[in-house]
Amino acid sequence: MHPTVHDQNDVHSNSEVQFTYHKESGYTGFVWAMTSVSIIEAIGVSFLLIKWSPILHWIHLSLSITVIVLLLADLRAVKKHPIRLKNETLALKIGIRKTVNIPIKHIIEIRKGNLHYENDRKHKDVLDLSLLGLADPTFEIVLEKPAESKDLFGKRSYKKRIFITIDNHHTFYNILKKKQQTLQS
């Protein structure tokens, strides 16, 4: 998908540019595969549990339905909430999991995501927003000041480095660099 620019001539001020991050990752296929497996597993285990313990059957069935609903809700959120570059902010809302708003002026560096990913993704000051965690992220964003991250339940944390996956990475990088240059001048 090409980024959506509300005003092609004015990428620097009040325009908003949106980027998808799920199309090249295989995330949609992964969610549908997991949903299918979860449904088959729920049916199979339910038949076994209902004769042995009806209470465990209902608990298992409830948990299975919850997992399926969360998977589908996350997929819907991933499709409905692209990465946004608007005004002076990079807004990241990755599915139903994490939300981060980064002032572009706080970005020190944006580099290839695979350079330090394997060694650094578990560090306390690192936020991994890549979808599957199976493939290397596209970019690592290094921040001057920690950015506030909120999870599904509102828990806050502060991170100085963020790994992201993005579909149209060349355009994203070029537009982000232009916005940084505009803010510095």
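Quick note: numbers below take in every heavy atom, side chains included, and nothing from hydrogens, waters or symmetry partners.
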Drop me the distance from [X]'s [atom1] to [Y]'s [atom2], to the nearest 0.5 angstrom.
X	Y	atom1	atom2	value
Ser149	Ile102	OG	CD1	9.5 Å
Gln180	Glu109	CD	CD	10.0 Å
Lys23	Asn168	NZ	CG	10.5 Å
Leu176	Gln181	CG	CD	10.0 Å
His57	Lys51	NE2	NZ	12.0 Å
Leu70	Ser38	CG	OG	10.5 Å

Task: Distance-only polar pair, side chains of Glu88 and His106, donor-acceptor under 3.5 Å - done: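 No pair is found: no donor N or O on one side chain lies under 3.5 Å from an acceptor on the other.
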Task: Pair Thr171, Asn174: side-chain N/O donor-acceptor within cut-off below 3.5 Å - done: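 There is no such pair between these side chains.
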TODO: Verify side chain to side chain contact (heavy atoms under 4.5 Å, CB included) between Lys179 and Leu85, making sure each step is shown before the conclusion.
DONE: CA-CA 9 Å; Lys179 283 188 174 269; Leu85 275 170; 4.2 Å; yes
Which heavy atom in [X] sits nearest to a heavy atom in [Y], and how many Å separate them?
X	Y	result
Leu71	Met34	CD1-CB, 3.9 Å
Pro137	Phe163	CG-CD2, 3.6 Å
Tyr27	Val78	CE2-CG2, 3.9 Å
Ala77	Gly95	CB-C, 3.5 Å
Ile96	Ala73	CG2-O, 3.9 Å
Ala91	Asn101	CB-OD1, 3.2 Å

What about [X] and [Y], same hydrophobic cluster or not, with Ile/Leu/Val/Met/Phe/Trp/Tyr joined at side-chain heavy-atom distances under 4.5 Å?
X	Y	result
Ile164	Tyr173	yes
Ile43	Leu72	yes
Trp58	Ile65	yes
Leu61	Leu63	no
Tyr158	Val142	no

Task: Short N-O contact, Asp151 and Arg97, less than 4.0 angstrom - done: no
Open item on the list: Taking Arg161 first and then Glu140, would you say they form a salt bridge - that is, a charged N and a carboxylate O separated by under 4.0 Å?
Closed with: yes
Open item on the list: As a test of understanding, state which of Ile108, Leu127, Ile141, Asp125 forms a side chain to side chain contact (heavy atoms under 4.5 Å, CB included) with Lys160.
Closed with: Asp125
Would a distance-only check, ignoring hydrogens and angles, find a side-chain to backbone donor-acceptor pair under 3.5 Å from [X] to [Y]?
X	Y	result
Asn87	Thr89	no
Thr138	Ile166	yes
Ser53	Leu49	no

Does the side chain of [Y] come within less than 4.5 Å of [X]'s, by heavy atoms?
X	Y	value
Ile68	Ile39	yes
Glu41	His60	yes
Thr28	Leu75	yes

Open item on the list: Are there over 12 heavy-atom neighbours, none belonging to Lys105, within less than 6.0 Å of that residue's NZ?
Closed with: no
- [ ] Take Ile162 and Leu92 through the test side chain to side chain contact (heavy atoms under 4.5 Å, CB included) and record every step on the way to the result.
- [x] CA-CA 10 Å; Ile162 300 171; Leu92 306 169; 4.1 Å; yes
TODO: Mind telling me whether Phe172 and Phe19 have parallel, tilted or perpendicular rings, with 30° and 60° as the class edges?
DONE: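 Correct class here is perpendicular.
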Task: Of Lys98, Lys159, Arg156, the residue whose pairing with Glu148 passes salt bridge (Lys or Arg N to Asp or Glu O under 4.0 Å) - done: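 Passing option: Arg156.
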Open item on the list: Go through it in stages, so that I can follow the logic: the residues are Arg111 and Phe139, the test is side chain to side chain contact (heavy atoms under 4.5 Å, CB included), and I'd like the CA-CA distance, side-chain angles, deciding distance and then a yes or no.
Closed with: CA-CA 6 Å; Arg111 55 187 173 208; Phe139 293 113; over 6 Å; no
